[in-house]
Amino acid sequence: MEIKQTDHSVASMNHVVRCISCGEASGELAPDFRCAHCGDLLEVDFPKWSAEAPPDPVVLKSLWRERRTSNQPLDASGVWRFREVLPELDDWACAVTLREGNTPLYDLPRCARSAGVERLQAKHQGMNPTGSFKDTGMTTAISFARQERFHWVACASTGNTSASMAAYAARGGMRSLVVIPEGKIAWGKLSQSLDYGALTCQLRTDFDGCVRVLNDVIRRYPIYLLNSVNPYRLEGQKTAAIELLEQLDWQVPDHVVVPGGNLGNNSALGKAFLEMRRLGAVDSVPKISVIQAEGANPLYRTVHEKNGKELVPVEAETLATAIRIGNPASWKKSLRVIEATGGCVEQVSEAEIALAKAEIGADGVGCEPASAVTLAGLKKLVRSGFVRPTESVVLILTGHVLKDPEYTIKFHRGDLSVPRMADDAFRALTAEQRKSPVVLDANADAVLRALEAEDKRDG
Ligand code: F0G
């Protein structure tokens, strides 16, 4: 394969790529996807929606639904079936798809009771091919990398982006470079990137340090960057919001609650809701609220200490390793979405996250720790009155429960230690949720005694 040496070009005619601050449109995209004039992030825009006849929302809705019965790979993808509102590839044969998207929307009745709302739903993005929402953005961005004939793609990651990138690179015939913080990656995620054949570099630093190193590498080697600063990532990720609306028969929920790490995902979902309103597919948008772990709360602090005017970076620490990020790239995009939709930012403790994760599991759904911040955050938003009990709420669950089995097993065995809470107090708080495995002699009497004890416990 020919190795690409120059900047990427904006190949397709259906969209432009613009700076979010100075508005300058870029014909050539720099390797770090930053604006050549002011260095801020870029985003995809569709000027034809304003200038000419925009796509008819009635036609779009029926076309998108119809495609669900098609076996063509692009239609079977829960991302590409929305291709009328995505940046266009010049050559559709470049699309790399693992049939991502099309994820379930579940009712969470027990979690609803525990949060104090009448009805609660979860859009489970962990049900994507590699077990996280990253696949929806990876299919779009990596297809552009392939169209531009890149040999290498790369990302810095807390584990899910890297797992996803490694899979899609392998499918697209590209090599992938994964840069992750040593010792702070859940095993499921690390094992994926190895199995999909990535060059996996574990650096002795955190996620923010990995980003710094990778930015240096891409300046010195022809590599296509697949972090969420890449605007094509967010375009794919936005389809989860469109799919959610479709699953709700285009009835807009009152609230959507999203975990916040590097802050790309909530920005992408918000962009989609606002675009659907712009096209007339819906009349309103849900309030999008972002939840961070207390130990990795730069957006929360930015809002509360600087009124959203300047980022407050933090030294991040949380057991929810997916969102262990102190210097989030997309903070401005995120704040714009929160403001435009009337949402808010909340933070939750490690104990609250662990409890919420077990509750989501007990509803038969399960998720990784970072996803559980949504339920933990919702409880606080109900208590503060921001969410009313009668309002409709959708949590975005971002990662599959099997991504981080170590956390789950430690929790249920009573071996999980959380910061800022004594182990005894944490064990007492979570006693009802914990289901420790019981080791028994190999006979039926022993198992029956365990059954009876459990029946008694259930009352
Ligand atoms: N939930 C999970 C499971 C994640 O993996 C991430 C981010 C987030 C939430 C936060 O999303 O960054 O868009 O605000 N994971 C990235 C990674 C950083 O490298 O896998 P965000």
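Counting starts at 1 for both ligands and their atoms, following the listed order. All residue numbers in this chain count up from 1 along the given sequence.
- Residue S371 has no N or O atom closer than 3.5 Å to an N or O atom of ligand 1.
- Side chain of S77 to main chain of L74: no donor-acceptor pair is present (N/O by atom type, distance under 3.5 Å, no hydrogens or angles).
- Scanning the protein heavy atoms around atom 13 (O) of ligand 1, the nearest turns out to be N265 N, 2.8 Å.
- When hydrogens are left out, the protein atom nearest atom 20 (O) of ligand 1 is T161 N, 2.8 Å; that is the closest non-hydrogen contact.
- Between L263 and ligand 1, a contact under 3.5 Å exists for at least one N or O pair.
- Closest to atom 8 (C) of ligand 1, if we only count protein heavy atoms, is I323 CG2, 3.6 Å.
- Considering both main-chain and side-chain atoms, G264 comes within under 3.5 Å of ligand 1 through a nitrogen or oxygen pair.
- For ligand 1, the atoms sitting less than 4.0 Å from at least one non-hydrogen atom of A322 are 2 (C), 3 (C), 4 (C), 5 (O), 6 (C), 7 (C), 15 (N), 18 (C), numbered in the order shown with element in parentheses.
- When non-hydrogen atoms are compared, ligand 1 lies under 4.0 Å from the side chain of A370 (C-beta onward) but not from its backbone.
- The side chain to side chain donor-acceptor pair (under 3.5 Å) test with N160 is passed by exactly one of K134, H400, K403: K403.
- With a 4.0 Å cut-off on non-hydrogen atoms, K134 touches ligand 1 through its side chain and not its backbone.
- Within the 3.5 Å criterion, the main-chain N or O of N327 finds a donor-acceptor partner in the side chain of D208.
- For the pairing with T374, the side chain to side chain contact (heavy atoms under 4.5 Å, CB included) check across V393, L395, V394 returns one residue only, L395.
- Remark: distances from the non-hydrogen atoms of G260 to ligand 1 include one below 4.0 Å.
- The aromatic rings of F33 and Y224 lie perpendicular to each other, with more than 60° between the two planes, well past the 30° mark.
- For the pair T158 and ligand 1, the shortest N or O to N or O distance falls below 3.5 Å.
- Look at V290 and you'll find every heavy atom at least 4.0 Å from all atoms of ligand 1.
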